[in-house]
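What follows is a structure written as structure tokens; I'll ask about it next.
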Amino acid sequence: MNPSTAPQVAPQSERTPGQLGVADAAEWFTRLQVAERACCCPARPVMVALLPPPQDGTELVEVFLCGHHGRRSQASLAAAGALVYQLP
């Protein structure tokens, strides 16, 4: 992923916890559909996890996951406060 083309997401303090706007979600779905591979393995991604920035960071961290690794990581992602968008 090219960071310069990543959608701009409002800081966590300025958005509703667990949600992004409709336009943000639509852009993530589009990016998932055109991605060639997940971050975790060579499979196509079906979900993106947006991890909150570290205390000194300013941007969310995106991780594109295949279905298998996404399902296996659900508890860890929830514990980390990640926002998860999955293709329908």
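Computed from heavy atoms alone, side chains included, the values below leave out hydrogens, waters and symmetry copies.
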(message) How close do Arg44 and Glu36 get, counting heavy atoms only, and between which atoms?
(response) CG-O, 3.8 Å
(message) Using only atom types and a distance under 3.5 Å, with no angle test, would you say the side chain of Arg37 pairs donor to acceptor with the backbone of Cys41?
(response) yes
Do any side-chain atoms of residues 72-84 form donor-acceptor pairs under 3.5 angstrom with protein atoms, and if so which ones, sequence neighbours left out?
| from | atom 1 | to | atom 2 | distance (Å) |
| --- | --- | --- | --- | --- |
| Ser73 | OG | His69 | O | 2.8 |

(request) Apply side-chain contact (heavy atoms from CB on, under 4.5 Å) to Cys39 and list each qualifying residue two or more places apart in sequence or on a separate chain. (result) Val63, Phe64
(request) Treating Ile, Leu, Val, Met, Phe, Trp and Tyr as nodes and any side-chain heavy-atom pair under 4.5 angstrom as an edge, say whether Val46 and Leu65 lie in one connected cluster. (result) yes
(request) Could you pull out the closest heavy-atom pair between Pro45 and Leu87, with the gap in Å? (result) O-CD1, 4.1 Å
(message) Side-chain heavy atoms nearer than 4.5 Å, only ILVMFWY residues, links allowed to pass through others: does that put Leu60 and Tyr85 together?
(response) yes
(request) First locate atom CD of Glu59, then atom CG of Leu50, and finally report the distance between them rounded to the nearest 0.5 Å. (result) 12.0 Å
(message) Tell me if a side-chain donor or acceptor on Arg71 pairs with a main-chain N or O of Gly67 at a distance below 3.5 Å.
(response) yes
